[in-house]
Amino acid sequence: MEKGGNVMKKIAIVGAGSMAEALISGILEDHLIDRKNIWVTNNSNEKRLESLKERYGISSTYDLDTLFDDADVVMLAMKPKDADRAIMTIRHHLTEQMLVVSVLAGVSMNTIESLAEKSLSIARAMPNTSAAVGKSATAIAINSRVTDKQHETTKQLFATVGLARFVEEEQLDAVTGLSGSGPAYIYYLIEAMENSAAEIGLEKEMAQELIVQTLIGAAEMVKHSSKSPEQLRREVTSPGGTTEAGVKVLEEHGVQQAFISCIQAATAQSKKMGNALCSQLKVGKPS
Ligand SMILES: NC(=O)C1=CN([C@@H]2O[C@H](COP(=O)(O)OP(=O)(O)OC[C@H]3O[C@@H](n4cnc5c(N)ncnc54)[C@H](O)[C@@H]3O)[C@@H](O)[C@H]2O)C=CC1
Ligand SMILES: O=C(O)[C@@H]1CCC=N1
């Protein structure tokens with residue numbers, strides 16, 4: 001029995017990259033749909049389709065009639081720069097009854113409808129690359145045409161790759177700056193901690209294990225404790241102790257403010273790229 005209680009019959013995925021693969025893997029792990037009803041296509045890389053077929057037992061085709069026949073969910077998973085060509089190629093196959101799920105960063109729902117030249121039920125999501133290990137933090141916006149059933153389908157779809165939360169579309173730039181790009185900030189921090197290992201005389205592999213476990217442990221503490229991160233930080237910090245000495249240096253370097261500015265810059269860039277994409281695709285700016 002499929003876990004989702006048949007929330008969808010057939011999903012047609014356009015674009016077969018890493019985000020598509022993460023979702024295929026999640027859908028199969030959660031038994032949301034029979035593997036044969038997951039269909040995937042790309043623009044030219046046949047070897048990639050063969051590899052996905054072989055590893056996941058899903059279906060692939062370059063024939064658009066076959067791809068969209070009976071599909072109730074369509075996923076747009078190409079790069080944003082390829083969105084205009086891809087959507088214009090498939091637009092005759094898109095219907096108002098289908099749920100169109102987009103993971104295209106910076107491409108508004110209005111843009112998708114303009115390119116498709118029709119009104120559509122759209123769910124626009126911003127996952128992150130941790131989807132590959134089922135730990136994405138995904139925010140999703142839906143338009144007014146999305147039915148209750150399609151809303152549920154969207155929720156279940158992204159729950160297969162981690163946490164899924166619904167937001168207004170205007171919030172997606174902020175989400176992109178915070179959690180879409182977020183894994184990179186954490187990797188940056190890990191890089192810094194790893195680079196310090198050699199300086200303080202620790203062997204690299206062992207230091208990495210300690211760093212990763214420290215991050216997981218701290219994240220789990222924040223998740224499960226009723227205390228704020230600040231309170232938890234204060235509990236690690238003994239007066240006159242090691243943590244105090246370390247955090248003092250972070251404060252002297254304005255690290256917290258640097259993170260705030262970093263997320264603001266990423267959010268602004270998301271907005272800017274969305275607007276630039278609208279101009280490039282010759283559609284109106286997001287409302
Ligand atoms: N990497 C990230 O952190 C995040 C990425 N995204 C979004 O996910 C989307 C996919 O990203 P990746 O999987 O990293 O990209 P990718 O480059 O790995 O895969 C893109 C796929 O689209 C295919 N493609 C290109 N033009 C096409 C066309 N005209 N018709 C059909 N297929 C076409 C390519 O052959 C390739 O299979 C992007 O729009 C990106 O904005 C969203 C959230 C986070
Ligand atoms: O860096 C980027 O533009 C994309 C969007 C979110 C993560 N990567």
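Predicted, not measured: the structure shown is a model, and the values here were computed from it.
In this structure, Lys36 and Ser59 approach most closely via the heavy-atom pair O-OG, 2.8 Å.
Distance CZ/Arg145 to OG/Ser119: 3.5 Å, rounded to 0.5 Å. Taking CG of Leu120 as the start and CG of Asn143 as the end, the distance is 8.0 Å to the nearest 0.5 Å. Note that the CG atom of Asp84 and the CG atom of Asp82 stand 8.0 Å from one another [nearest 0.5 Å]. Separation of atoms CD1 (Ile90) and OG1 (Thr41) is listed at 10.0 Å; rounding is to 0.5 Å.
Under the 3.5 Å distance criterion, the side-chain polar atoms of Lys149 are matched with a main-chain donor or acceptor of Val7. Thr214 places a side-chain N or O within donor-acceptor distance of the main-chain N or O of Leu210, the cut-off being under 3.5 Å. Judged by distance alone, the side chain of Glu50 and the main-chain N or O of Glu46 form no donor-acceptor pair under 3.5 Å. The closest donor-acceptor contact from the side chain of Ser228 to the backbone of Gln231 lies under 3.5 Å. At least one donor-acceptor pair under 3.5 Å links the side chain of Gln150 to the backbone N or O of Gln97. Counting only distance, with no hydrogens or angles, the side chain of Arg91 and the backbone of Leu115 share a donor-acceptor pair below 3.5 Å. With hydrogens and angles disregarded, no donor-acceptor distance shorter than 3.5 Å links the side chain of His151 to the backbone of Thr147. Distance alone, capped at 3.5 Å, places no donor-acceptor pair between the Thr111 side chain and the Val107 backbone. Ser181 places no side-chain N or O within donor-acceptor distance of the main-chain N or O of Gly177, the cut-off being under 3.5 Å.
Counting non-hydrogen atoms of other residues, nucleotides and ligands closer than 6.0 Å to NE2 of His224 gives a total above 12. By the 6.0 Å contact criterion, CD on Glu54 is open, its count of non-hydrogen atoms from other residues, nucleotides or ligands being 12 or less. Few gaps surround CE on Met88; more than 12 heavy atoms of other groups in view lie less than 6.0 Å from it. No more than 12 heavy-atom neighbours from other residues, nucleotides or ligands sit within 6.0 angstrom of CG on Asp148. For Glu168, the CD atom is loosely surrounded, since the number of other residues' heavy atoms within 6.0 Å does not exceed 12.
No continuous path of hydrophobic side-chain contacts links Leu76 to Val175 [ILVMFWY only; heavy atoms under 4.5 Å]. One hydrophobic cluster holds both Ile211 and Leu189 under the rule that ILVMFWY side chains link at heavy-atom gaps under 4.5 Å. Both Trp39 and Leu64 belong to a single network of hydrophobic side chains, linked directly or stepwise wherever heavy atoms of I, L, V, M, F, W or Y lie under 4.5 Å apart. One hydrophobic cluster holds both Ile38 and Leu157 under the rule that ILVMFWY side chains link at heavy-atom gaps under 4.5 Å. A single hydrophobic cluster is seen to contain both Phe166 and Val73, as judged by linkage of ILVMFWY side chains at heavy-atom distances under 4.5 Å, directly or through other members.
Here ring pair (Phe, Tyr, Trp, His ring centres under 6.0 Å) pairs that include residues 118-144, with residues two or more places apart or in two chains, number zero.
A 4.5 Å side-chain heavy-atom check between Glu152 and Lys155 finds at least one atom pair inside the cut-off. At least one side-chain heavy atom of Leu232 sits less than 4.5 Å from a side-chain heavy atom of Ser225. Between Tyr62 and Asn42, some side-chain heavy-atom pair lies under the 4.5 Å cut-off. Looking at heavy atoms from C-beta onward, Met126 lies out of side-chain contact with Ser179 at the 4.5 angstrom threshold. The shortest side-chain heavy-atom distance between Ile58 and Val40 falls under the 4.5 Å cut-off. Side-chain contact check for Gln156 versus Leu32: some heavy-atom pair is nearer than 4.5 Å. At a threshold of 4.5 Å between non-hydrogen side-chain atoms, the residues Leu99 and Val74 do not count as touching. Contact of the Ser121 side chain with the Glu96 side chain is not registered, since no non-hydrogen atoms from C-beta on lie closer than 4.5 Å.
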- Message: For Arg165 and Thr138: C-alpha separation, side-chain torsions, deciding distance, then whether side-chain hydrogen bond (donor to acceptor under 3.5 Å, both in side chains) applies.
- Response: CA-CA 6 Å; Arg165 292 287 179 266; Thr138 306; over 6 Å; no
- Message: For Leu202 and Met206: C-alpha separation, side-chain torsions, deciding distance, then whether side-chain contact (heavy atoms from CB on, under 4.5 Å) applies.
- Response: CA-CA 7 Å; Leu202 287 178; Met206 203 253 307; 4.2 Å; yes
- Given Asp30 and Thr160, is the side-chain hydrogen bond (donor to acceptor under 3.5 Å, both in side chains) satisfied, shown in steps? CA-CA 6 Å; Asp30 278 9; Thr160 69; 5.2 Å; no
- Would Phe68 and Thr95 count as a side-chain contact (heavy atoms from CB on, under 4.5 Å) if you check the C-alpha gap in whole Å, the side-chain angles of each, and the deciding distance to 0.1 Å? CA-CA 10 Å; Phe68 289 104; Thr95 68; over 6 Å; no
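Contact check on Glu113 versus Lys118 returns no salt bridge, with no Lys/Arg side-chain nitrogen under 4.0 Å from an Asp/Glu carboxylate oxygen. Taking the charged nitrogens against the carboxylate oxygens, Glu230 and Arg234 do have a contact shorter than 4.0 Å, which makes a salt bridge.
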For residues 256-264, which side-chain donor-acceptor pairs fall under 3.5 Å, sequence neighbours excluded?
| from | atom 1 | to | atom 2 | distance (Å) |
| --- | --- | --- | --- | --- |
| Gln257 | NE2 | Ser261 | OG | 3.4 |
| Ser261 | OG | Gln257 | O | 3.0 |

Pairs under 3.5 angstrom only: tabulate donor-acceptor contacts from the side chains of residues 9-26 to other protein residues two or more places apart or in another chain.
| from | atom 1 | to | atom 2 | distance (Å) |
| --- | --- | --- | --- | --- |
| Lys10 | NZ | Thr66 | O | 2.8 |
| Lys10 | NZ | Leu67 | O | 3.2 |
| Lys10 | NZ | Asp69 | O | 2.8 |
| Glu21 | OE1 | Arg48 | NH1 | 3.1 |
| Glu21 | OE1 | Arg48 | NH2 | 2.9 |
| Glu21 | OE2 | Arg55 | NH1 | 2.6 |
| Glu21 | OE2 | Arg55 | NH2 | 3.4 |
| Glu21 | OE2 | Tyr56 | OH | 2.7 |

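For the salt bridge (charged side-chain N to carboxylate O under 4.0 Å, His left out) test, residues two or more places apart in sequence or in another chain that qualify with Glu235 are Lys227. By the ring-ring contact (aromatic ring centres under 6.0 Å, His included) test, His92 pairs with no residue at all, sequence neighbours left out. Taking Glu194 as the reference, nothing meets the salt bridge (charged side-chain N to carboxylate O under 4.0 Å, His left out) condition, with sequence neighbours excluded.
Exactly one residue among Met98, Met109, Glu169 makes a side chain to side chain contact (heavy atoms under 4.5 Å, CB included) with Ile122. That residue is Met109.
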